[in-house]
Amino acid sequence: MKTIKTLTIAAAAALSLMSAASFAQSVSVESSTLDGAEAKVAAIAQQQGAQYKITEANTNNRVHMTAELYK
């Protein structure tokens, strides 16, 4: 009985991690400024009811920014 309870808890933990990971989404935007690029990422996250974490920003002639969206 103890083994079944342990397996049930482990399965529930694995499923909760999978559901959180399944939403993680990467988005990329471009703008002429860092503030403009972050504003675009923030708008996308707000539309999807998510939070975001900027993972990359590159400035050459324009700003290219990548972020992870998560709930």
Side-chain angles (χ1 to χ4, degrees):
M1 190 67 167
K2 184 177 180 181
T3 303
I4 293 172
K5 187 176 181 180
T6 303
L7 289 174
T8 303
I9 292 171
L15 288 174
S16 68
L17 289 174
M18 285 175 37
S19 65
S22 67
F23 176 76
Q25 176 184 359
S26 180
V27 296
S28 295
V29 297
E30 288 191 10
S31 182
S32 58
T33 65
L34 284 170
D35 288 338
E38 185 171 4
K40 287 181 179 183
V41 169
I44 293 169
Q46 184 178 20
Q47 287 174 346
Q48 297 188 15
Q51 296 177 335
Y52 66 93
K53 176 181 174 183
I54 296 171
T55 56
E56 177 266 335
N58 183 1
T59 57
N60 288 323
N61 292 331
R62 293 187 53 82
V63 175
H64 174 86
M65 184 176 286
T66 304
E68 281 291 317
L69 302 183
Y70 60 94
K71 286 190 177 182

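Sequential numbering from 1 along the given sequence is applied to the chain's residues.
- Considering V29, L34, D35 in turn, L34 is the only one that fulfils the side-chain contact (heavy atoms from CB on, under 4.5 Å) rule with V63.
- Atom OG in S26 sits 8.0 Å away from atom CG in L69 (nearest 0.5 Å).
- Y70 approaches Y52 most closely through the heavy-atom pair CE2-C, 3.8 Å.
- Using a distance-only test at 3.5 Å, with no hydrogens or angles considered, no donor-acceptor pair links the side chain of K71 to the main chain of G49.
- Separation of atoms CE (M65) and OG (S28) is listed at 10.5 Å; rounding is to 0.5 Å.
- S31 approaches A37 most closely through the heavy-atom pair CB-N, 3.4 Å.
- Counting heavy-atom neighbours within 6.0 Å of E30 CD, excluding the residue itself, gives a total above 12.
- Remark: T55 engages no residue in a side-chain hydrogen bond (donor to acceptor under 3.5 Å, both in side chains) (not counting sequence neighbours).
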Exercise. Would you please test Q48 and Q25 for side chain to side chain contact (heavy atoms under 4.5 Å, CB included) and show each step?
Key: CA-CA 11 Å; Q48 297 188 15; Q25 176 184 359; 2.8 Å; yes
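- In plain terms, the two heavy atoms of E68 and A24 that are nearest each other are OE1-CB, 3.8 Å.
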